[in-house]
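Following: one structure in structure tokens, then a few remarks.
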Amino acid sequence: MQWLMVKDALKAAPGTQVTLKGWVRTRRDSKAGLSFIQLHDGTCFDPIQIVAPSDLPNYEAEVLRLTTGCSIEAVGELVESRGKGQSVELKASAIKVVGWVEDPDTYPASAKQHSFEYLREIAHLRARTNTFGAVARVRHTLATGIHRFFDDREFYYVHTPIITASDCEGAGEMFRVSTLDALNPAKTEDGQIDFNEDFFGREAHLTVSGQLNVETYCSALSRVYTFGPTFRAENSNTTRHLSEFWMIEPEIAFGDLADVAVLAESMLKTLLDELLTRRADDMAFFDERIEPGLIDRLRHVIDTPFKMLPYTDAIKLLESAKKKFEYPVKWGLDLQSEHERYLTEEHFKQPVVLINYPAQIKAFYMRMNDEGTDGAPGRTVAAMDVLVPGIGEIIGGSQREERLDVLDARLAEMELPIENYWWYRDLRRYGTVPHAGYGLGFERLIQFATGMQNIRDVIPFPRAPRQAEF
RNA sequence: UCCCCGGUAGCUCAAUUGGUAGAGCGAGCGGCUGUUAACCGCUAGGUUGCUGGUUCGAGUCCAGCCCGGGGAGCCA
């Protein structure tokens with residue numbers, strides 16, 4: 001007997017004999033002598049309806065006791081449905097119960113509406129719900145789409161390390177990786193913790209970004225990207241921050257800021273367009289239940305050129321805006337959430353690419369622009385942020401400083417210890433090239449694509465301050 | 001970390017000026033029906049987040065703590 005996934009059974013021709021396996025969503029009984037079972041196996045949004053006639057040998061003893069969450073195998077013939085709501089259904093000739101739900105009254109994911117806050121507490125069962133099944137499939141499609149996108153454009157996928165002992169990433173608070181006895185660590189003569197005695201012979205942490213490492217492969221393979229987990233030990237409690245999140249970081253040799261701005265726009269549009277095609281069922285659900293108008297919004301993003309705007313012009317625009325802001329707007333200050341939201345949600349109503357930020361608010365590795373770029377009153381660097389409605393910053397990138405003397409001046413200016421950057425500086429000493437890249441927050445992309453409000457609901461097992469269950 | 005809101009049945013929420021803790025959904029049982037967010041009836045289900053305080057009496061008032069949500073900062 002042919003075992004079909006539900007997604008394939010729903011498209012199969014009536015008359016086929018098949019086996020289906022999955023979990024019961026609901027069971028409804030009819031005194032006409034049959035029961036209806038909604039079965040899902042996660043392979044698509046829709047469940048399939050199984051019609052179980054009362055002459056099944058285990059009908060009274062087992063079928064009538066099936067409840068939400070039970071796992072079963074059903075054998076039978078696919079037939080055209082006599083009811084509305086589905087084209088085909090399985091007319092069962094045998095139903096085998098694989099796993100019972102031991103107490104239906106306390107089954108945590110019962111057949112009712114649950115809040116996302118509650119479902120977060122049962123993350124091991126929430127994938128069985130409509131919403132989290134759809135999120136999981138969209139997440140997969142976007143992840144594989146990213147690899148397809150870069151592979152199609154001759155980018156090589158580079159695995160940058162998760163554990164890093166280079167103390168130069170500088171993108172946020174880091175988690176320490178150590179095998180020292182936390183209660184009684186090795187100490188130096190002056191009473192400090194002696195990391196020479198630690199596993200790596202030095203202080204080590206979880207990476208906050210693969211960028212510096214991927215730049216080295218960029219300086220050899222030309223077009224590369226990383227896609228892996230990154231870690232920030234910031235005490236952030238918001239709907240768009242995680243302690244563990246996944247980041248996509250492409251890097252282009254012989255490329256400049258304009259090149260990565262174009263790449264970022266084309267990547268977002270390609271991914272969203274592909275998603276609407278490949279996961280039409282799940283996207284229709286998000287459009288109907290999670291964010292009405294979602295699909296139109298995404299279509300608009302796909303069809304409209306992103307607005308590119310120098311930081312200096314954005315400041316002028318915000319200064320002349322009628323809207324009252326809580327935080328000051330002044331050249332040299334970083335933009336606050338309210339300013340970014342105003343630009344992308346109210347003024348332009350589309351994704352906005354801000355470029356050429358003041359040097360004083362950006363990282364050491366960003367390339368210094370020529371004096372007077374965009375008519376700026378101070379020094380700027382070739383940085384870019386892609387802002388999208390509803391999320392804010394989804395991508396941050398820059399052209400990297402390839403000139404050793406300028407890089408060293410920046411390190412000195414920011415009082416960073418130059419010796420920590422020896423291998424990064426080597427790239428500028430040995431055949432340096434202009435290059436540029438960006439980082440895309442994968443979970444923020446999923447939020448943007450689905451309309452899901454809380455970032456903790458677009459990753460299977462969220463890690464956040466005081467949250468590491470499961 | 002800061003500001004605001006919340007914690008009552010398996011889940012979502014009610015409970016008047018402090019006075020015997022209730023509904024819907026879910027679950028169980030029965031009825032009806034090719035059903036599909038099914039419908040109708042009955043039943044079970046509670047240490048009101050924790051600790052202490054005020055009071056004749058606290059879900060309600062006070063203090064501390066824990067947990068959750070939203071916003072801000074940090075960023076992706």
Side-chain angles (χ1 to χ4, degrees), chain A residues 25-39 46-54 64-65 67-69 79-86 89 91 101 103-122 125 129-130 170-173 208-211 229-249 264 289 326-327 334-338 340-341 361-363 385-388 391-397 438-448 453-459 464-467 469:
Chain A
R25 268 276 165 69
T26 61
R27 188 199 86 232
R28 289 178 296 276
D29 305 320
S30 168
K31 277 295 177 288
L34 48 148
S35 290
F36 301 97
I37 297 163
Q38 294 290 337
L39 188 79
D46 288 322
I48 191 167
Q49 175 159 285
I50 295 173
V51 181
S54 58
L64 287 181
R65 287 174 49 222
T67 57
T68 305
V79 296
E80 280 186 44
S81 180
R82 287 165 58 188
K84 291 173 185 167
Q86 61 279 322
E89 62 192 21
K91 187 179 175 194
V101 166
D103 181 5
D105 191 33
T106 57
Y107 178 59
S110 59
K112 75 177 291 293
Q113 290 274 330
H114 293 289
S115 66
F116 292 151
E117 292 80 12
Y118 169 70
L119 290 170
R120 235 168 268 153
E121 296 172 6
I122 53 163
L125 297 172
T129 65
N130 278 336
E173 287 296 310
V208 295
S209 162
Q211 181 200 316
T230 50
F231 308 86
R232 307 273 166 97
E234 306 284 352
N235 191 8
S236 302
N237 292 285
T238 79
T239 53
R240 52 190 191 287
H241 289 87
L242 288 166
S243 306
E244 177 183 295
F245 65 100
W246 289 64
M247 191 149 62
I248 294 94
E249 298 176 282
R289 293 296 178 90
E326 188 183 346
Y327 289 88
D334 211 351
L335 297 181
Q336 303 295 316
S337 281
E338 56 173 347
E340 296 182 344
R341 296 183 82 102
I361 57 172
K362 287 295 181 180
D385 279 357
V386 179
L387 313 177
V388 297
I391 310 287
E393 184 180 347
I394 195 169
I395 288 177
Y438 61 80
L440 164 71
F442 186 48
E443 284 76 17
R444 288 187 183 175
L445 171 65
I446 301 171
Q447 284 188 279
F448 184 62
Q453 294 284 305
N454 195 314
I455 199 166
R456 297 173 192 201
D457 295 330
V458 298
I459 189 169
R466 297 181 307 282
Q467 186 165 42
E469 189 77 37

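By convention in this document, chain letters (A, B, ...) are assigned in the order of the sequence lines, proteins followed by strands, and residues within each chain are numbered from 1.
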Check: If you measure from the P atom in B:U43 to the same atom in B:U48, how many Å do you get, rounded?
Finding: 24 Å

In this structure, CD1 of A:I395 is separated from CD1 of A:I391 (nearest 0.5 Å) by 12.5 Å

| query | With a non-hydrogen cut-off below 4.0 angstrom, is A:E340 in contact with a base, only sugar-phosphate, or nothing? | reply | nothing

- Task: Without swapping roles, check the side chain of A:E338 against the backbone of A:E326 for a donor-acceptor pair under 3.5 Å.
- Result: yes

Between CZ of A:R232 and C1' of B:G73 the distance, given in whole Å, is 15 Å

- Under 3.5 Å, is there a donor-acceptor pair between the A:S209 and A:E249 side chains? yes

Whole-Å distance, A:D29 CG to B:C39 C1', equals 14 Å

Task: Heavy-atom check, side chain of A:V51 versus side chain of A:L34, under 4.5 Å - done: yes

Given Watson-Crick and G-U pairs under 3.5 Å, RNA chain B in dot-bracket ([ ] crossing, | other strand) is (((((((..((((.....[..)))).(((((.......))))).....(((((..]....))))))))))))....

Considering only heavy side-chain atoms of A:N454, the closest of B:G73, B:U12, B:G70 is B:G70

Quiz item: Reckon A:T238 has a side-chain N or O less than 4.0 Å from the OP1 or OP2 of B:A72?
Solution: no

* Between B:U54 and B:G10, how far apart are the C1' atoms? Round to whole Å, please. => 35 Å

Within less than 4.0 Å of OP1 or OP2 of B:G69, is there a side-chain N or O belonging to A:R120? yes

Next item on the list: Select base, sugar-phosphate, or nothing to describe what A:Q38 touches, counting heavy atoms under 4.0 Å on all strands.
Entry: base

Picking from B:A76, B:G26, B:G69, the nucleotide nearest the side-chain atoms of A:I455 would be B:A76

Taking B:U36, B:C67, B:G28 as options, the one with an atom nearest any side-chain atom of A:P104 is B:G28

For this session: Decide, applying a 5.5 Å centre-distance limit and a 30° plane-angle limit (both strict), whether A:F245 stacks on B:A76.
Result: yes

Ranking B:U36, B:A76, B:G10 by distance to the side chain of A:R28, first place goes to B:U36

Original post:
Heavy atoms under 4.0 Å, any strand shown: does A:Y438 hit a base, just sugar-phosphate, or nothing?
Top reply: nothing

*How far, in whole Å, is B:G26 from B:U12 if one measures between their P atoms?*
15 Å

(message) Between the base of B:C75 and the side chain of A:R444, is one N or O donor paired with an acceptor at under 3.5 angstrom?
(response) yes

When the C1' atoms of B:U51 and B:G7 are compared, how many Å lie between them, rounded to an integer? 16 Å

Look at the side chain of A:S236 against the base of B:C74 and say whether a donor-acceptor pair falls under 3.5 Å; ignore hydrogens and angles.
yes

Closest to the side chain of A:F36, out of B:G68, B:U1, B:U35, is B:U35

To the nearest 0.5 Å, atom NE2 of A:H114 lies from atom OG of A:S110 at 3.5 Å

Could you tell me whether the side chain of A:H114 has a donor or acceptor atom within less than 3.5 Å of a complementary atom in the base of B:C11? no

Contacts of A:P465 and A:S243 projected onto RNA chain B by closest heavy atom; the upstream (5') one is A:P465

Once you apply a heavy-atom cut-off of 4.0 Å, does A:T239 come out as touching a base, just sugar-phosphate, or nothing? sugar-phosphate

Quick one: does any side-chain atom of A:E443 pair with a main-chain N or O of A:W246 as donor and acceptor, under 3.5 Å? yes

- Query: How about A:T68 and A:P104: do any of their side-chain heavy atoms sit closer than 4.5 Å?
  - Reply: no

query: Under 4.0 angstrom, heavy atoms only, what part of the nucleic acid is A:I395 near: base, sugar-phosphate, or nothing?
result: sugar-phosphate

How would you label the contact of A:S30 with the nucleic acid (heavy atoms, under 4.0 Å): base, sugar-phosphate, or nothing?
base

Testing B:G69, B:A76, B:C74 for proximity to the side chain of A:E117, the answer is B:G69

Regarding the side chain of A:T67, the nearest nucleotide among B:G28, B:U36, B:G34 is B:G28

Under 4.0 Å between a side-chain nitrogen and a carboxylate oxygen: does that hold for A:R25 and A:D46? no

Answer with base, sugar-phosphate or nothing: what part of the nucleic acid does A:R456 contact at a heavy-atom distance below 4.0 Å? sugar-phosphate

Strictly by modelled atom types, are A:R456 and A:Q467 linked by a side-chain donor-acceptor pair under 3.5 Å? yes

With the side chain defined as heavy atoms from C-beta on, A:Y118 is closest, among B:G10, B:A27, B:A76, to B:G10

Under 3.5 Å, is there a donor on one side chain and an acceptor on the other for A:N454 and A:T239? no

Assess whether one donor atom and one acceptor atom, taken from the side chain of A:N237 and the base of B:U1, lie less than 3.5 Å apart.
yes

Check: Which value, in whole Å, describes the distance between the C1' atoms of nucleotides B:U8 and B:A14?
Finding: 10 Å

A:Q49 has its side chain closest, among B:G71, B:U36, B:G73, to B:U36

To the nearest angstrom, the CD-P distance between A:E326 and B:G73 comes to 8 Å

